[in-house]
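Remember, predicted model here, so these are calculated numbers, not experimental data. Just follow the structure's listing: the first ligand is 1, and inside any ligand the first atom is 1.
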Amino acid sequence: MRSDKKIIIAIDGFSSTGKSTVAKQLASKLGYIYVDTGAMYRMVALFALENGCIDTSNFDSKKLISLLDNVELSFVFNAELGFAEAYLNNKNVEKRIRTLEVSKYVSTVASISEIRVKLVDIQQEMGKNKGLVMDGRDIGTVVFPDAELKLFMNASASTRAQRRFDELIAKGEEVTYDEVFENVTSRDAQDTSRKDSPLVKAEHAIEINNSNLTRKQQFDKIYKLAVLAVEA
Ligand code: DC
């Protein structure tokens, strides 16, 4: 493989399709930067929860938009864990953004155009030197429509809900499978139907349905596509 050529790899797809697992592995194998854009939307949702923009019955989007300049997002590489952790206003929030509470509000937060504009700007800046694997919902359609490799990941809703449920239980969260299934399917509906940058398969994206693939089979398949894209 010609190692001097660096490309952008855009990975989009539904919730809990294992995008971040494969993106992390791929970035580490290629020596690329990995960016989890879902974590960025999750940080804004956490900020909204912590700053009185959301209570159980009401979401104050105007207030959140007015506070956006106070939201500083960054990622700091943790060598022990082998990946970059999410920091909101210089505080490590990696664990807090993965809770079901944040998951319940994140798609609503992600539907606000002012928020998307801010995050897309940051994401495009991160890719200006290429050598990047980025995952999300609009990476191949909006953030990097010219990415050299675009993937669209999918799996059945029940497979995805089971994976997310197992992850949350392993982290000690008290959740039921039904709650998680409801969250996964309602986020799918919100993410695909929003007006601004809905989740759709980008032009030229290669679809990977991993319901019946092991992690290794999936990684091998995607790594081959990455090598072809670098050599193209
Ligand atoms: O990848 P994730 O499940 O952590 O993403 C959380 C939410 O953020 C998801 O429901 C939709 C939104 N999102 C988005 O709208 N655009 C992105 N590029 C990434 C995530």
Side-chain angles (χ1 to χ4, degrees), residues 8-24 34-49 54 59 61 64 71 73 75 83-86 88 93-127 132-145 147 150-155 157 159-168 171 173 175 180-202 205 210:
I8 290 185
I9 301 175
I11 307 183
D12 290 305
F14 291 94
S15 315
S16 305
T17 39
K19 298 185 295 294
S20 63
T21 306
V22 77
K24 264 183 218 161
Y34 162 60
V35 179
D36 170 2
T37 62
M40 299 170 76
Y41 289 94
R42 286 172 179 275
M43 284 194 263
V44 180
L46 178 63
F47 177 90
L49 279 164
I54 297 176
F59 173 56
S61 58
L64 178 57
V71 179
L73 311 176
F75 290 97
F83 66 88
E85 293 181 290
L88 169 62
V93 292
E94 182 59 36
K95 285 210 174 78
R96 281 155 64 210
I97 60 167
R98 311 285 170 193
T99 58
L100 192 56
E101 196 193 9
V102 168
S103 297
K104 279 183 185 151
Y105 295 104
V106 66
S107 289
T108 304
V109 166
S111 67
I112 301 172
S113 294
E114 287 83 350
I115 293 170
R116 303 203 70 85
V117 167
K118 176 176 169 125
L119 299 200
V120 168
D121 265 2
I122 302 172
Q123 291 154 8
Q124 289 176 334
E125 183 64 24
M126 288 167 163
L132 178 80
V133 183
M134 188 173 270
D135 77 20
R137 303 292 188 287
D138 59 344
I139 312 306
T141 49
V142 174
V143 184
F144 295 117
K150 297 184 197 179
L151 302 173
F152 188 83
M153 314 269 293
N154 209 346
T159 304
R160 294 185 286 119
Q162 187 65 49
R163 286 181 190 151
R164 184 53 63 110
F165 173 72
D166 292 343
E167 265 169 35
L168 290 169
K171 286 180 189 164
E173 271 214 56
V175 291
V180 176
F181 183 83
E182 206 286 317
N183 177 256
V184 163
T185 48
S186 68
R187 280 202 289 141
D188 289 353
Q190 263 186 290
D191 294 344
T192 49
S193 66
R194 69 176 174 231
K195 281 206 188 86
D196 189 347
S197 321
L199 169 64
V200 283
K201 185 176 157 192
N210 62 23

| said: Measuring only between side-chain heavy atoms, which start at C-beta, is Leu151 closer than 4.5 Å to Val22? | reply: no

| For ligand 1, which atoms sit closer than 4.0 Å to a heavy atom of Ala110? | 12 (C), 15 (O)

| query | Does Lys104 pair with Glu101 as a salt bridge, N-O distance under 4.0 Å? | reply | no

| query | Near Ser107, which atoms of ligand 1 are under 4.0 Å from a heavy atom of that residue? | reply | 10 (O)

| query | Going from OG on Ser107 to CG on Asp188, what distance comes out if it is rounded to the nearest 0.5 angstrom? | reply | 8.5 Å

| Salt-bridge present (Glu94, Arg98; N to O < 4.0 Å) | yes

| Subset of ligand 1 atoms that lie under 4.0 Å from at least one heavy atom of Asp138 | 16 (N), 17 (C), 18 (N)

| query | Can Ser103 and Arg42 be said to form a side chain to side chain donor-acceptor pair (under 3.5 Å), step by step? | reply | CA-CA 7 Å; Ser103 297; Arg42 286 172 179 275; 3.1 Å; yes

| request: Under 4.0 Å from a heavy atom of Thr37: give me the atoms of ligand 1 that qualify, with their elements. | output: 17 (C), 18 (N), 19 (C)

| said: Can you check which of Ser15, Gly38, Ser111 brings a heavy atom nearest to atom 5 (O) of ligand 1? | reply: Gly38

| query | Is the NZ or CZ atom of Lys24 both under 6.0 Å from the centre of the six-membered ring of Phe83 and within 45° of that ring's axis? | reply | yes

| task | Salt-bridge test for Asp191 and Arg194: reply yes if a basic N is under 4.0 Å from a carboxylate O, no otherwise. | result | yes

| note | ligand 1 to Asp191, heavy atom cutoff 4.0 Å, flagged ligand atoms 9 (C), 10 (O), 11 (C)

| query | Any N or O on Arg194 sitting closer than 3.5 Å to an N or O of ligand 1? | reply | yes

| request: Determine whether the side chain, the backbone, both or neither of Arg42 has a heavy atom under 4.0 Å from any heavy atom of ligand 1. | output: side chain

| said: For atom 16 (N) of ligand 1, what's the nearest protein heavy-atom neighbour? Residue, atom name and distance, please. | reply: Arg116 NH2, 3.0 Å

| said: Please compare Gln123, Arg187, Gln190 and report which has the shortest non-hydrogen distance to atom 6 (C) of ligand 1. | reply: Arg187

| said: Quick check: do Val44 and Leu119 have side-chain heavy atoms less than 4.5 Å from each other? | reply: yes

| said: So if I count the atoms of ligand 1 from 1 in the order they appear, which ones are less than 4.0 Å from some heavy atom of Val106? | reply: 6 (C), 7 (C), 8 (O)

| message | If we check side-chain contact (heavy atoms from CB on, under 4.5 Å) with Val200, which of these qualifies: Thr141, Asp12, Thr192, Asp138? | response | Thr141

| note | If you scan protein heavy atoms around atom 9 (C) of ligand 1, the nearest is Arg137 NH2, 3.3 Å

| Which ligand 1 atoms are under 4.0 Å away from a heavy-atom of Gly136? | 17 (C), 18 (N), 19 (C)

